[in-house]
Amino acid sequence: MSRTIRTYPDPVLKEKAKPVESVSREIQDLAEEMAKLMYANQGIGLAAPQVGESLRVITVDISGPERQEDLQVLINPEIELCEGETETDEGCLSLPEFRTKVKRSEQVTVKGLDLKGREIRIRSEGMQAVCFQHEIDHLEGTLLLDHAGRLKRNMYSKKANKWEKN
Ligand code: NI
């Protein structure tokens, strides 16, 4: 595996990711590597910018790294429909030791392409819906930090910049 998980303040995390033009072999390989990295790091979701690729690809598997039973790969994902409201305590592989509460929609329908380039729609709720929203945020360059208050954000930012220097 050549790619690694990028952590804040890596600038790729703040970029708006580019749409995938065609679901090529390279994109399929990228998605496969993302899923492996997600599982290896005990994650339930990952977005391509988190492995250094500014492209609109996400992987989600809320069954977790032990079970690996519900892998969803979406290319150029878009949220079509949101319903309800929920608040969850979220973490992110790109923000070690950071957690914050985020208001999200309770149910979302996400549209995108699968690994064969076919258009698919996924209706999701609960943790899976939250996960889709979190990963799609990454494609816009939005991190959990941006959902937190200024004080919390600044404290984490100072800490992360210090880690980077060491
Ligand atoms: Ni994240």
Side-chain angles (χ1 to χ4, degrees), residues 1-20 27 30-68 70-79 82 85-112 122 124-161 163-164:
M1 256 186 242
S2 51
R3 296 179 178 99
T4 54
I5 303 273
R6 305 298 185 88
T7 54
Y8 177 86
D10 191 318
V12 71
L13 297 170
K14 292 306 292 171
E15 281 172 37
K16 189 176 156 82
K18 288 176 283 298
V20 169
I27 294 296
L30 168 65
E32 194 182 323
E33 196 174 347
M34 283 169 63
K36 282 185 189 156
L37 281 165
M38 173 177 81
Y39 292 135
N41 289 280
Q42 309 298 309
I44 54 170
L46 202 65
Q50 293 183 274
V51 300
E53 301 290 345
S54 192
L55 288 166
R56 304 185 85 82
V57 180
I58 62 169
T59 56
V60 166
D61 187 347
I62 59 155
S63 78
E66 270 89 53
R67 290 171 58 195
Q68 305 189 10
D70 191 19
L71 178 63
Q72 308 284 350
V73 176
L74 272 174
I75 294 148
N76 300 338
E78 281 172 50
I79 295 177
C82 308
E85 206 183 283
T86 183
E87 192 180 54
T88 49
D89 188 46
E90 297 179 31
C92 177
L93 292 178
S94 294
L95 298 168
E97 294 179 29
F98 185 81
R99 296 196 75 82
T100 192
K101 287 209 166 80
V102 187
K103 281 204 171 82
R104 303 281 192 191
S105 298
E106 168 72 26
Q107 292 157 324
V108 294
T109 301
V110 186
K111 162 182 109 161
I122 302 170
S124 63
E125 57 178 28
M127 200 201 292
Q128 192 184 46
V130 166
C131 212
F132 277 129
Q133 292 166 83
H134 177 120
E135 302 317 327
I136 291 169
D137 264 2
H138 273 296
L139 305 182
E140 297 301 313
T142 301
L143 297 173
L144 279 185
L145 277 183
D146 302 305
H147 288 280
R150 190 200 284 181
L151 188 67
K152 196 167 174 175
R153 198 163 63 222
N154 288 346
M155 275 170 60
Y156 186 79
S157 174
K158 268 187 205 148
K159 201 157 70 166
N161 281 301
W163 288 335
E164 208 194 19

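Keep in mind it's a predicted model, so treat the numbers as computed, not measured. For the numbers below, each heavy atom of this structure counts, side chains included, while hydrogens, waters and symmetry mates do not. All ligand and atom numbering here is 1-based and tracks the order in the structure.
Neighbours of the Ni ion (ligand 1) restricted to protein N, O or S atoms under 2.8 Å: the count is 3.
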Please tabulate, one pair per line, all N/O donor-acceptor pairs under 3.5 Å involving side-chain atoms of residues 96-103, not counting sequence neighbours.
| from | atom 1 | to | atom 2 | distance (Å) |
| --- | --- | --- | --- | --- |
| R99 | NE | D89 | OD2 | 2.9 |
| R99 | NH2 | D89 | O | 3.1 |

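How far CG of D10 is from CD1 of I5: 11.5 Å, rounded to the nearest 0.5 Å.
Residue pairs meeting the salt bridge (charged side-chain N to carboxylate O under 4.0 Å, His left out) criterion with at least one member in residues 44-59, sequence neighbours excluded: R3-E53, R56-E140.
Among residues two or more places apart in sequence or in another chain, the salt bridge (Lys or Arg N to Asp or Glu O under 4.0 Å) test is passed with D146 by K14.
Within a 6.0 Å radius of CD in E106, more than 12 heavy atoms belonging to other residues, nucleotides or ligands are found.
Listed for the D70 side chain is no donor-acceptor partner under 3.5 Å among the backbone atoms of D61.
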